[in-house]
Amino acid sequence: MTTHSNTQTPTSPARQNPQERMSTDQTLTPEPSAPLSVQSLPDLLQQVRQCQLCAAHLPCPPRPIIQISASARLLIIGQAPGSKVQVSGIPWDDASGKRLREWLQLTPEQFYNEEEIAIVPMGLCYPGKGKSGDLPPRAECAPRWHADLLARMPELQLILLIGQYAQNYYLPKAFLRQYKTLTERVKHCQDVPEPFFVLPHPSPRNRHWLSKNPWFEAQTIPTLRRQLDTLLF
């Protein structure tokens with residue numbers, strides 16, 4: 001990717017803290033279960049990685065999988081790690097991740113550069129298998145950890161919301177009322193409030209959706225790539 005200078009002024013929306021840009025008319029986002037602490041990011045990460053909040057409901061011992069640094073400018077919020085990622089400990093280390101990197105036009109080296117890109121899923125641990133695919137992300141994770149983690153990424157300029165769980169949690173209620181389905185939201189990505197950009201999940205299970213909506217790769221992906229080209233590297 002080529003590097004471009006950012007011509008926006010410090011007071012423009014894209015340079016504000018992402019949490020300041022979130023509308024007050026949002027989907028109900030529960031407050032963290034503990035007050036925002038003053039601990040450092042390394043100390044907070046240690047606390048996250050020791051989390052046992054939903055251990056009794058998981059098929060494997062808890063293994064929160066995130067990638068984060070205070071300098072990250074792009075945040076990727078997906079659903080939850082899959083079974084392969086649970087084993088490797090590397091976020092998006094599966095077929096879904098390969099397709100996501102293709103969409104973003106990023107090499108693995110770029111994608112896993114935590115100085116530029118943070119990865120914080122809605123559920124930090126593998127939730128287990130359901131009747132068709134993985135179970136939904138555990139509901140405890142985002143309310144407990146996301147606010148603290150986002151508060152320690154002051155350079156964020158773009159947040160990718162991948163799939164319905166992230167979109168329903170973060171997008172304003174008015175937007176969700178206007179665009180009720182994931183397809184409508186993605187098709188009207190230009191109306192998504194900053195700092196967010198919405199994507200479907202890149203799972204191989206979504207092949208039918210991709211074939212049914214060719215405009216996504218023809219129009220939406222180039223739009224996203226142009227944003228990333230001005231943002232990263």
Side-chain angles (χ1 to χ4, degrees), residues 17-19 22 26-94 96-97 100-101 108-130 133-156 158-170 195 201 203:
N17 184 292
Q19 294 188 77
M22 295 179 191
Q26 268 186 301
T27 49
L28 289 177
T29 303
E31 294 295 326
S33 57
L36 182 66
S37 63
V38 295
Q39 65 191 151
S40 67
L41 179 56
D43 288 343
L44 177 61
L45 277 176
Q46 182 178 4
Q47 190 177 353
V48 169
R49 289 180 172 131
Q50 294 173 346
C51 180
Q52 299 287 314
L53 189 61
C54 54
H57 305 286
L58 299 176
C60 308
R63 190 181 190 182
I65 296 171
I66 64 174
Q67 171 178 303
I68 186 173
S69 75
S71 62
R73 289 181 285 175
L74 170 64
L75 170 60
I76 298 172
I77 303 180
Q79 295 184 179
S83 57
K84 183 178 179 182
V85 172
Q86 165 73 17
V87 174
S88 72
I90 301 172
W92 293 99
D93 180 29
D94 51 19
S96 297
L100 177 61
R101 287 186 288 276
E109 291 74 20
Q110 292 171 320
F111 186 81
Y112 292 113
N113 179 359
E114 67 178 18
E115 298 303 314
E116 297 278 358
I117 298 175
I119 301 171
V120 181
M122 291 298 296
L124 303 183
C125 299
Y126 171 57
K129 282 288 182 187
D134 292 343
L135 291 170
R138 294 296 309 177
E140 298 92 338
C141 290
R144 177 61 186 91
W145 296 115
H146 276 212
D148 275 11
L149 291 167
L150 265 68
R152 286 162 177 77
M153 291 185 280
E155 302 301 319
L156 281 183
L158 181 63
I159 300 176
L160 300 186
L161 302 177
I162 300 178
Q164 299 217 41
Y165 297 105
Q167 293 165 21
N168 290 338
Y169 189 89
Y170 276 100
H201 198 281
S203 168

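These numbers come from the heavy atoms of this one structure, side chains and all, not from hydrogens, waters or symmetry mates.
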Give me the atom names and distance for the closest heavy-atom approach of A72 to M153. CB-SD, 4.5 Å

May I have the step-by-step check of side-chain contact (heavy atoms from CB on, under 4.5 Å) for I162 and Q79, ending in yes or no? CA-CA 7 Å; I162 300 178; Q79 295 184 179; over 6 Å; no

Nearest heavy-atom contact between K129 and D134 is NZ-OD1, 3.2 Å

Output for pair (L45 CG, S69 OG), nearest 0.5 Å, gives 9.5 Å

CG of D43 to CZ of R152: how many Å apart, nearest 0.5 Å? 9.0 Å

Can you give me the closest heavy-atom contact between P121 and P81, atom names plus distance? CG-CD, 4.3 Å

Give, for atom OH of Y112 and atom CD1 of I90, the distance between the pair rounded to the nearest 0.5 Å. 6.0 Å

Would you say the side-chain atoms of R63 pair up with the backbone N or O of Q86, donor to acceptor, closer than 3.5 Å? yes

Donor-acceptor pair, distance only, cut-off 3.5 Å: does the side chain of R138 make one with the backbone of L58? no

Have a look at L124 and tell me which of P62, C141, P91, C51 forms a side-chain contact (heavy atoms from CB on, under 4.5 Å) with it. C141

Where is the tightest heavy-atom contact between I66 and R49, given as atom of each residue plus distance? O-NH2, 3.7 Å

Begin with the C-alpha distance, continue with both residues' side-chain angles, and end with the deciding distance and a verdict on side-chain contact (heavy atoms from CB on, under 4.5 Å) for I76 and F111. CA-CA 10 Å; I76 298 172; F111 186 81; 3.6 Å; yes

Y165 side chain to A139 main-chain N or O, any donor-acceptor pair under 3.5 Å? no

Suppose we screen for side chain to side chain donor-acceptor pair (under 3.5 Å). Which residues come up paired with S83, at least two apart in sequence or across chains? none

For P64 versus C125, what's the shortest heavy-atom pair and its separation? N-SG, 3.4 Å

Nearest 0.5 Å, what's the CD-CD distance between Q47 and Q39? 4.5 Å

To the nearest 0.5 Å, how far apart are CD1 in I65 and CD1 in I119? 10.5 Å

Residue pair E155 / S71, side-chain donor-acceptor N/O under 3.5 Å: no

Can a donor-acceptor pair be found, under 3.5 Å and without considering hydrogens, that links the side chain of Q67 to the backbone of I117? yes

Please report the interatomic distance NE2(H146) to OH(Y170), rounded to the nearest 0.5 Å. 4.5 Å

Heavy-atom pair with the smallest gap, counting every atom of G123 and P137: N-CB, 3.5 Å

